[in-house]
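Down below is the structure, laid out as structure tokens.
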Amino acid sequence: MRNFIIRTSDSLHLLMRRVAVIAVCLMFLTVVVQIIARYVFSSPPVWTEDVARYAMVWTGLLGATLSFKTQSDAVLMQSVFPEPPHVLAFFAKAIQSLAVLTFILPVIYFCFIGLRGGFAKGYLARQSGLTADTLGIPMVWISVAVPLSIIIILIHLFARWAGDDATEVKVAQLD
């Protein structure tokens, strides 16, 4: 089970890295199209700004999963407490995990469940009723990045507790 969790975390990391790179490229291309259309043709397409914004949202949230996996996120505890197998290292890891869970569990809950209970009033359900004006697609396709990234961070947290303490993912082994 331990190896399964770590392999799942590593595979998700590789996949999310690829999706984040695609999102950055999409953001870059739409901004370039908008700049060229605005300053060369004096007529920018209305959709380019929204596509760039939504790609930036996906990039940022997926980037958070990448930095959490490689432990390149802001971690104060590693510099204060001793390295494992010291007892204080275990407590530092527990405190860090508790802080992460304190943030992500309510986010996951409210993505699916509304303030008064029920799935119909959760964040994703409310977003599915909205449409992106310029693109004509349901906003849920943009908003799904929030619970997706939070669930991936939760899987990476499970992998840390399963023994995945490597700060660099071995990409060559996953290809």
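We find the CG-CG distance between D164 and N3 to be 10.5 Å, quoted to the nearest 0.5 Å. Once rounded to the nearest 0.5 Å, the distance linking NZ of K93 with CG of L98 reads 14.5 Å. Going from atom CG of L66 over to atom OG of S72 covers 8.0 Å, rounded to the nearest 0.5 Å. Atom OG1 in T65 sits 9.5 Å away from atom CG in L15 (nearest 0.5 Å). With rounding to the nearest 0.5 Å, the separation of OH in Y54 from OG1 in T59 is 14.5 Å. The line from CG of L62 to CZ of R18 is 14.0 Å long, rounded to the nearest 0.5 Å.
W161 approaches F90 most closely through the heavy-atom pair CZ3-CE1, 3.5 Å. Residues R2 and A162 share a closest heavy-atom pair of NE-O, 2.6 Å.
F28 is not connected to V51 by any chain of hydrophobic side-chain contacts under 4.5 Å among Ile, Leu, Val, Met, Phe, Trp and Tyr, and they are in different clusters. Residues L124 and L130 are members of separate hydrophobic clusters, defined by side-chain heavy-atom contacts under 4.5 angstrom among Ile, Leu, Val, Met, Phe, Trp and Tyr. Hydrophobic clustering (side-chain heavy atoms under 4.5 Å, transitive across Ile, Leu, Val, Met, Phe, Trp, Tyr) groups L61 together with V140. Under the 4.5 Å side-chain heavy-atom criterion for Ile, Leu, Val, Met, Phe, Trp and Tyr, L101 and V107 are members of the same hydrophobic cluster. The cluster map of Ile, Leu, Val, Met, Phe, Trp and Tyr, joined by side-chain heavy atoms under 4.5 Å apart, puts M16 and V100 in the same cluster.
Annotation: side-chain contact (heavy atoms from CB on, under 4.5 Å) contacts of V31 (sequence neighbours excluded): I35, A52.
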Tabulate below the donor-acceptor pairs under 3.5 Å that side-chain atoms of residues 146-159 make, not counting sequence neighbours, or state none.
from: S149; atom 1: OG; to: A145; atom 2: O; distance (Å): 3.0
from: S149; atom 1: OG; to: V146; atom 2: O; distance (Å): 3.0
from: H156; atom 1: ND1; to: S9; atom 2: OG; distance (Å): 2.6

Which donor-acceptor pairs under 3.5 Å do the side chains of residues 42-49 make with protein atoms, sequence neighbours left out?
from: T48; atom 1: OG1; to: Q34; atom 2: OE1; distance (Å): 3.2
from: T48; atom 1: OG1; to: P45; atom 2: O; distance (Å): 3.1
from: E49; atom 1: OE2; to: R53; atom 2: NH2; distance (Å): 3.2

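Between M139 and I142, some side-chain heavy-atom pair lies under the 4.5 Å cut-off. Annotation: side chain of K69 is not in contact with side chain of L12 (no heavy-atom distance under 4.5 Å).
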**Message:** One pair to check against side-chain contact (heavy atoms from CB on, under 4.5 Å): H13 and F68. What are the steps and the verdict?
**Reply:** CA-CA 10 Å; H13 177 75; F68 187 83; over 6 Å; no
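Under a cut-off of 6.0 angstrom, the local environment of CZ in F112 is crowded, with over 12 non-hydrogen atoms contributed by other residues, nucleotides or ligands.
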